[in-house]
Amino acid sequence: MSDDLLKKVISHAKEYGYIFPSSEIYDGLSATYDYGQNGVELKNNIKKYWWSSMVNMHEDIVGIDAAIFMHPKTWKASGHVDAFNDPLIDNKDSKKRYRADVLIEDHIAKIEAKITKEVAKGLKRFGDDFNKEEFLKTNPNVLRNQAKIDEINDKMRDAFNSEDLGNIKALIEELGIACPVSGSKNWTDVRQFNLMFSTEMGSVAEGSNTIYLRPETAQGIFVNYLNVQKTGRKKIPFGIAQIGKAFRNEIIARQFIFRMREFEQMEMQFFIKPGTQKEWFEKWKETRINWHKALNLGEDNYRFHDHLKLAHYADAATDIEFNFPMGFKELEGVHSRTDFDLKAHEEHSGKKLQYFDPQENKSYVPYVIETSIGLDRMFLAIMSSSLKEEALEDGSTRTVLKLPAALAPTKVAVFPLTKKDGLPEKAREIINELKFDFNCLYEEKDAIGKRYRRQDAAGTPFCITVDHDSLNDNTVTIRDRDTMQQERVLINDLPKIIGEKVSLASLLKKLESREAAIV
RNA sequence: GCAGAAGUAGCUCAGCUGGCUAGAGCGUCAGCCUUCCAAGCUGAGGGUCGCGGGUUCGAAUCCCGUCUUCUGCUCCA
């Protein structure tokens with residue numbers, strides 16, 4: 001049922017020019033999608049809403065646009081190189097996945113346990129006369145086991161150094177390591193899992209350096225923290241925002257645009273005085289959920305999911321989850337990242353990344369609260385919660401994409417009721433007035449009702465129809481997408497009427513008054 | 001990666017006991033009609049039946065291989 005909804009969203013998104021499978025004429029590329037003529041407008045509008053609300057409406061937040069390529073040391077400092085570079089192996093029976101090196105190390109640990117046991121036995125037998133070092137050097141059982149360990153370690157080191165994954169698998173088989181879950185020794189080949197996409201910098205193959213496409217935008221902010229703080233003369237607390245693409249080699253990238261290998265993030269890192277992170281964390285949690293709720297996608301569609309198990313760098317973390325067609329899933333993360341990142345960059349770069357606090361009269365590395373939202377996920381949240389099929393009184397149904405008006409790709413469609421009698425010309429005149437403020441669309445083909453329905457499905461919030469009376473009294477009808485109600489208004493009043501309902505400014509004002517209600 | 005399902009027109013699908021030039025509905029385009037909620041009329045365009053091979057006089061249909069997509073399993077925004 002909900003799978004059905006996701007399917008409907010996917011096909012609707014394609015049919016109305018929102019999202020196409022990437023490289024479709026070549027059969028597509030797995031989990032990669034292109035945004036179409038309407039998709040790019042919606043996406044841009046989401047970005048504008050986020051950017052305006054974060055950067056323009058908060059005096060203490062500024063934006064940057066850091067490069068996707070970054071110095072390789074960045075990823076050493078952030079932990080991405082070490083944490084996401086593992087040889088993986090699957091057990092075919094239990095379907096469990098393990099790190100190959102961990103499996104071998106666990107095996108070694110078992111042998112070590114035997115030695116420990118042997119030592120305990122020795123201690124019991126010889127009592128106070130027991131010489132542990134001597135025992136370890138002479139006891140034949142210990143020696144045999146230690147030799148085994150040394151041999152395994154040697155082989156493992158060779159295999160890892162030569163990066164020969166086949167040897168690693170051979171070693172696992174040779175040791176007879178079984179899956180702890182299924183107990184079977186039915187293993188797949190060992191595969192290297194690299195979270196980061198690598199490429200080469202430098203046009204000649206030799207002498208070029210391996211660099212990575214960033215797996216998150218946050219590090220671009222951290223490495224620029226001091227630049228922004230100094231040149232912007234920023235005082236703590238302040239934030240740096242950024243919208244940009246990031247790349248991750250997901251093991252499994254699926255569920256439409258929910259999890260892609262190439263995706264876009266909207267992140268803000270807020271730098272604060274150590275010790276104040278609790279209050280700021282709460283503040284940003286509230287601010288962000290409020291941002292979401294101002295869009296009216298349904299209050300019930302959101303929930304917080306607080307992390308109990310925290311990453312090594314975080315001292316608090318929560319997800320804002322959204323009720324996607326696949327269920328509640330993470331849409332945005334709010335994390336209290338402590339000073340982990342800046343400290344790591346201090347160590348790796350050798351540069352001081354401290355802030356002198358005149359009030360405290362001392363320097364410190366700021367703590368950081370991060371808000372990080374997936375732009376593509378936001379897109380999916382909006383699309384999936386906006387797509388409705390309505391049963392009408394006459395028994396027919398209509399498909400309507402109830403996008404938040406301020407985010408809709410096309411704001412107004414203008415129709416001449418018929419194709420002659422000067423109505424098309426009048427309609428064009430109206431568009432020529434409105435086009436400077438709003439994305440407009442002209443349509444004269446097909447019966448008027450059909451044109452309305454087409455715009456409903458495309459998500460256009462308003463349709464204006466020029467009829468014969470329009471020529472005499474300069475009035476038109478304006479139809480609301482959601483209520484299907486029509487109103488007769490003066491052409492001159494159109495910019496004001498439409499502006500109130502569809503402009504980003506009016507949405508931001510609404511957001512601001514909601515935000516004022518938060519302490 | 002493993003397991004399962006599916007690939008025929010832009011979309012949804014029929015055709016699959018092998019046999020005329022591969023069809024329908026919707027959509028698209030052109031013309032007629034001139035009408036305020038998808039449904040009037042006329043016509044047009046659009047398909048190497050995912051790809052490759054085999055069996056056969058003959059393959060969308062049977063066999064083999066292959067590719068792609070979708071769904072589940074772990075991590076994340």
Side-chain angles (χ1 to χ4, degrees), chain A residues 3 6-7 10-12 14-17 20-24 26-32 83-84 86 88-99 186-191 193 195 215-218 245-261 263-267 307 311 319-322 326 329-335 370-378 380 392-394 396-400 415-421 423 444-457 463-469 476-477 479 481 484-486 488:
Chain A
D3 275 355
L6 184 59
K7 275 195 186 132
I10 294 169
S11 62
H12 194 89
K14 186 180 170 195
E15 189 174 354
Y16 287 91
F20 307 124
S22 162
S23 325
E24 199 185 7
Y26 293 107
D27 278 335
L29 184 64
S30 177
T32 312
F84 298 99
D86 308 323
L88 298 174
I89 189 165
D90 291 13
N91 183 273
K92 288 181 186 170
D93 299 312
S94 65
K95 310 278 183 221
K96 288 285 168 196
R97 167 165 295 150
Y98 301 93
R99 277 176 52 178
N186 190 9
W187 297 106
T188 64
D189 286 339
V190 177
R191 291 178 309 273
F193 171 56
L195 171 97
E216 63 175 22
T217 55
K245 291 247 170 143
F247 305 83
R248 286 183 201 174
N249 252 326
E250 298 291 343
I251 308 168
I252 303 154
R254 235 176 253 166
Q255 283 168 323
F256 196 37
I257 55 171
F258 184 80
R259 182 178 285 104
M260 296 191 289
R261 298 201 167 94
F263 62 105
E264 201 155 1
Q265 294 181 304
M266 304 191 288
E267 288 198 310
H307 289 204
D319 295 339
I320 296 173
E321 295 188 334
F322 187 80
M326 318 80 75
K329 302 260 185 178
E330 179 174 6
L331 169 62
E332 172 159 6
V334 180
H335 297 239
E370 166 187 275
T371 75
S372 174
I373 173 171
L375 175 52
D376 311 277
R377 289 183 177 184
M378 188 63 198
L380 181 59
L392 301 179
E393 283 174 11
D394 63 1
S396 65
T397 59
R398 78 165 179 147
T399 302
V400 48
F415 309 144
L417 187 59
T418 69
K419 251 190 275 195
K420 56 183 188 186
D421 301 334
L423 300 187
E444 64 177 24
K445 194 177 156 46
D446 291 316
I448 193 76
K450 201 167 197 168
R451 283 180 266 168
Y452 286 148
R453 296 301 176 84
R454 231 183 340 241
Q455 293 309 312
D456 287 344
C463 292
I464 289 167
T465 301
V466 176
D467 58 20
H468 292 85
D469 292 342
V476 288
T477 58
R479 171 187 177 275
R481 175 195 65 199
M484 296 168 71
Q485 296 297 309
Q486 283 180 289
R488 191 147 200 111

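Every chain is numbered from 1, with letters handed out A, B, ... down the list of sequences.
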Would you indicate what A/D467 reaches in the nucleic acid, counting non-hydrogen atoms under 4.0 angstrom: base, sugar-phosphate, or nothing? base
Tell me whether the OP1 or OP2 atom of B/G27 has a side-chain N or O from A/K450 closer than 4.0 Å. yes
Checking B/C37, B/A77, B/C11 against the side chain of A/K14 (C-beta onward), the nearest is B/C11
Expressed as a whole number of Å, how far does the C1' atom of B/C62 sit from that of B/G25? 30 Å
Does A/T465 reach a base, just sugar-phosphate, or nothing at all? Heavy atoms under 4.0 Å. base
Go through B/U34, B/C36, B/A39 for me and flag the one nearest to the A/L417 side chain. B/C36
Say we look at B/U74 and B/C64: how far apart would their C1' atoms be, to the nearest angstrom? 35 Å
Hunt down the Watson-Crick or G-U wobble partner of B/U69, both distances under 3.5 Å, from any strand shown, or write none. B/A5
Rounded to whole angstrom, note down the P distance from B/G27 over to B/A38. 12 Å
Axial cation check for A/Y452 ring with A/R479, 6.0 Å and 45° limits: yes
Would you indicate, yes or no, if B/U28 has its OP1 or OP2 atom less than 4.0 angstrom from a side-chain nitrogen or oxygen of A/R454? yes
Sticking with atom P, work out how far B/U61 lies from B/A22, rounded to a whole angstrom. 14 Å
